[in-house]
Amino acid sequence: MAATGSLPLMAASFFFLLLLCLLQRGSSWASELRHPPSRIGVIGAGIGGTSAAYFLRQKFGKDVAIDVFERGEVGGRLATVNMEGRYYEAGGAVIHPLNLHMKHFVKELGLSVPQSRNGLLGIYNGDEFVFEESSSNIWNFLKLLWYYGLNSLRMYLWVEKILDKFMRIYRYQSHDYAFSTNEALLHALGGSEFVQMLNQTIDESMQTASFSQKFIREMVTPVMRVNYGQGVNINGFVGAVSLAGAEGGLWSVEGGNKLVCVGLLYTSKAQLIPGTVISLEETMRPKGRSGGTVKLYEITYNSTSGVTSDLYDIVLIATPLHRKIANITFRSFKPPIPDFSSPYHQTVATFVHGHINTSFFGYQDPSQFQLSSIFTTENPNLFINSIGIVSPVQDKTREFPGSPVWKVFSSQPLTKEQLNLLFSSYDSVEVKKWLAYPHYSPPEKSPPVILHDRMYYLNSMEWVASAMEMSAISAKNAALLAYHRWYNRLDRIDQEDLHTRLKTEL
Ligand SMILES: Cc1cc2nc3c(=O)[nH]c(=O)nc-3n(C[C@H](O)[C@H](O)[C@H](O)COP(=O)(O)OP(=O)(O)OC[C@H]3O[C@@H](n4cnc5c(N)ncnc54)[C@H](O)[C@@H]3O)c2cc1C
Ligand SMILES: *[C@@H]1O[C@H](CO)[C@@H](O)[C@H](O)[C@H]1NC(C)=O
Ligand SMILES: *[C@@H]1O[C@H](CO)[C@@H](O)[C@H](O)[C@H]1NC(C)=O
Ligand SMILES: *[C@@H]1O[C@H](CO)[C@@H](O)[C@H](O)[C@H]1NC(C)=O
Ligand SMILES: *[C@@H]1O[C@H](CO)[C@@H](O)[C@H](O)[C@H]1NC(C)=O
């Protein structure tokens, strides 16, 4: 009797001990994680890296040290080119009116947005203009209706519907929700329909939505060529982003879009470390008084003072991990970090201060030529993607008297002969060659956001779509993700059905 009587007691005390152990382990584990990180490293000071610094500061507070590594100039693909003392956007140039992060940055940083001027657009197929805008809006509308039926109106509605769903990201992010993959993020915005857009071309997406071949060839393709240097075989999602960019109200920052990056770096009180990151490695270090070890990331970089290393709790990679772009070696990770060197598309921006050769475009009488931008359809004989007049980033009134400055996009640098065909005369030429954006080829698989425990890859988002706002969205997502994972707040990650839940919460 006695023996059986003590059995429940023994069992109870055993479970009590077990519980105590678990609680203790749990609490020491939790307290280790609740301890704020002391240093965060960000690689790249483009709009992705600098907005990440800004969002990291917001989330992690004033005490964490944030270091931003930059090999070249702050701004990255937001850069200006100097032409005879005036500056022009050479990379990312225009921002959509509904790009809310960019809008917020500009407001918070006290930057200004100049009035943009709209010129007339023509679409050239290599032999003739298939469409030419005139200064009468009614006339343009009727012309579109005559050429393409209801396609352009339907396209506007189609893009609007996608944009509407896309805008949900701002509400999710303002409520602190993060996603561990770009697919999960897309799914939360627009369900499998959105994820599916990565699997097909914009051509397929629009044909499914029964847009006409002629419309896709003459209206959609030229927009893809000017925005992404590629045709309608890019994925449906980036295609839709590109079409949204063809709407009105586009803006840019007075003094240059890169000023946003400079400003974000400054307000985030991050430290800029000029240097080239060469390698990343996970290392174990003793934890000080409490004993045990702590896992840190070692960033090795090259600067004017030679090759140095520093240790970080969290690392954000805000550059494409392409060998020709970042060339970062991941040392001794288990499992190894895969190679993400998928191809980037080359786009060359050529700035020409001179007179366009109107007869090249079929206008024998230059005074008849009113266009200020020319987009092109797919034609192997065409050596340009687009050509258009650009204004300087500062003081738009300070344009050159006489001949304007033209910006030409092409995939290869223009030869002397090609320049002489395009321009009847010119004073100067500046060239900026970019590995500009991914070379899209659906079905697209976005690389992971989480590369390792506390190491995040922002530019994986470029495989969904490459744009300033996409980098900023990815930066905020990575900052939130890093925060929630550090403090083990898993209820803020990859939540389903946020759209309906947040509706009822408010
Ligand atoms: C010609 C062109 C036109 C475009 N037009 C538009 C447009 O009109 N609207 C729009 O929204 N977007 C446009 N884009 C796309 C947009 O510019 C990019 O999506 C965006 O700027 C990417 O920003 P990011 O910070 O993610 O990358 P990046 O700007 O490329 O920043 C990465 C930074 O990391 C640095 N870096 C790389 N490797 C290392 C290393 N090993 N160590 C240290 N530093 C390193 C680089 O120097 C760079 O500064 C355009 C792009 C190009 C090229
Ligand atoms: C997209 O295609 C890949 C294979 O290329 C497939 O594994 C995936 O399930 C597809 N996704 C959707 C949403 O259809
Ligand atoms: C570091 O930079 C210097 C000059 O900038 C260069 O000569 C040297 O080869 C670089 N070292 C490495 C390891 O990249
Ligand atoms: C990348 O870096 C390695 C060493 O870190 C170097 O040997 C190689 O030449 C670099 N590649 C490019 C394309 O710069
Ligand atoms: C202009 O274009 C026409 C037609 O392509 C070409 O014959 C001519 O050589 C070009 N150059 C000038 C300076 O007119």
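Note: hydrogens, waters and symmetry copies are ignored here, and every other heavy atom, side chains too, is used. Ligands are counted one by one from 1 in listed order, and the atoms in each one are counted from 1 as well.
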Determine, step by step, whether Trp463 and Lys445 satisfy the side-chain contact (heavy atoms from CB on, under 4.5 Å) criterion, reporting the C-alpha distance in whole Å, the side-chain angles of both residues, the deciding distance to 0.1 Å, and the verdict. CA-CA 7 Å; Trp463 292 90; Lys445 178 106 187 65; over 6 Å; no
Stepwise ring-ring contact (aromatic ring centres under 6.0 Å, His included) test for Tyr426 and Trp406: CA-CA 10 Å; Tyr426 53 86; Trp406 296 87; over 10 Å; no
Could you go through residues 324-333 and list every donor-acceptor pair under 3.5 Å that involves a side-chain atom there, pairing it with any protein atom two or more places apart or in another chain?
from: Arg331; atom 1: NH1; to: Ser279; atom 2: OG; distance (Å): 3.0
from: Ser332; atom 1: OG; to: Glu281; atom 2: OE2; distance (Å): 3.4

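Atoms of ligand 5 lying under 4.0 Å from at least one heavy atom of Asn420, given by number and element, are 11 (N). Ligand 4 places these atoms under 4.0 Å from at least one heavy atom of Asn327: 1 (C), 2 (O), 3 (C), 8 (C), 10 (C), 11 (N), 12 (C), 14 (O). Atoms of ligand 5 lying under 4.0 Å from at least one heavy atom of Phe360, given by number and element, are 2 (O), 4 (C), 5 (O). Interface atoms of ligand 5 facing Ser359, defined by a heavy-atom separation under 4.0 Å, are 1 (C), 2 (O), 3 (C), 4 (C).
For Tyr440 and His345, the gap between ring centers reaches or exceeds 6.0 Å.
Defined by atom type and a distance below 3.5 Å, a donor-acceptor pair is missing between the side-chain atoms of Glu218 and Tyr147.
Asp313 is linked by a side-chain hydrogen bond (donor to acceptor under 3.5 Å, both in side chains) to Ser38, counting only residues two or more places apart in sequence or in another chain. Under the rule for a ring-ring contact (aromatic ring centres under 6.0 Å, His included), Phe409 has no partner lying at least two apart in sequence or in another chain.
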Under 3.5 Å, N/O to N/O: give me all the pairs between ligand 2 and the protein, one per line with atom names and distance.
from: ligand 2; atom 1: 2 (O); to: Asn199; atom 2: OD1; distance (Å): 3.2
from: ligand 2; atom 1: 2 (O); to: Asn199; atom 2: ND2; distance (Å): 2.4
from: ligand 2; atom 1: 11 (N); to: Asn199; atom 2: ND2; distance (Å): 2.9
from: ligand 2; atom 1: 14 (O); to: Gln196; atom 2: OE1; distance (Å): 2.6
from: ligand 2; atom 1: 14 (O); to: Asn199; atom 2: ND2; distance (Å): 3.3

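Within the 3.5 Å criterion, the main-chain N or O of Val232 finds no donor-acceptor partner in the side chain of Asp203.
For Leu422, the heavy-atom gap to ligand 5 stays at 4.0 angstrom or more.
Residue-to-ligand polar distances place Asn357 within reach of ligand 5: an N/O pair is separated by less than 3.5 Å.
Salt-bridge check for Lys432 with Glu89: failed, with every basic side-chain N at 4.0 Å or more from each acidic carboxylate O.
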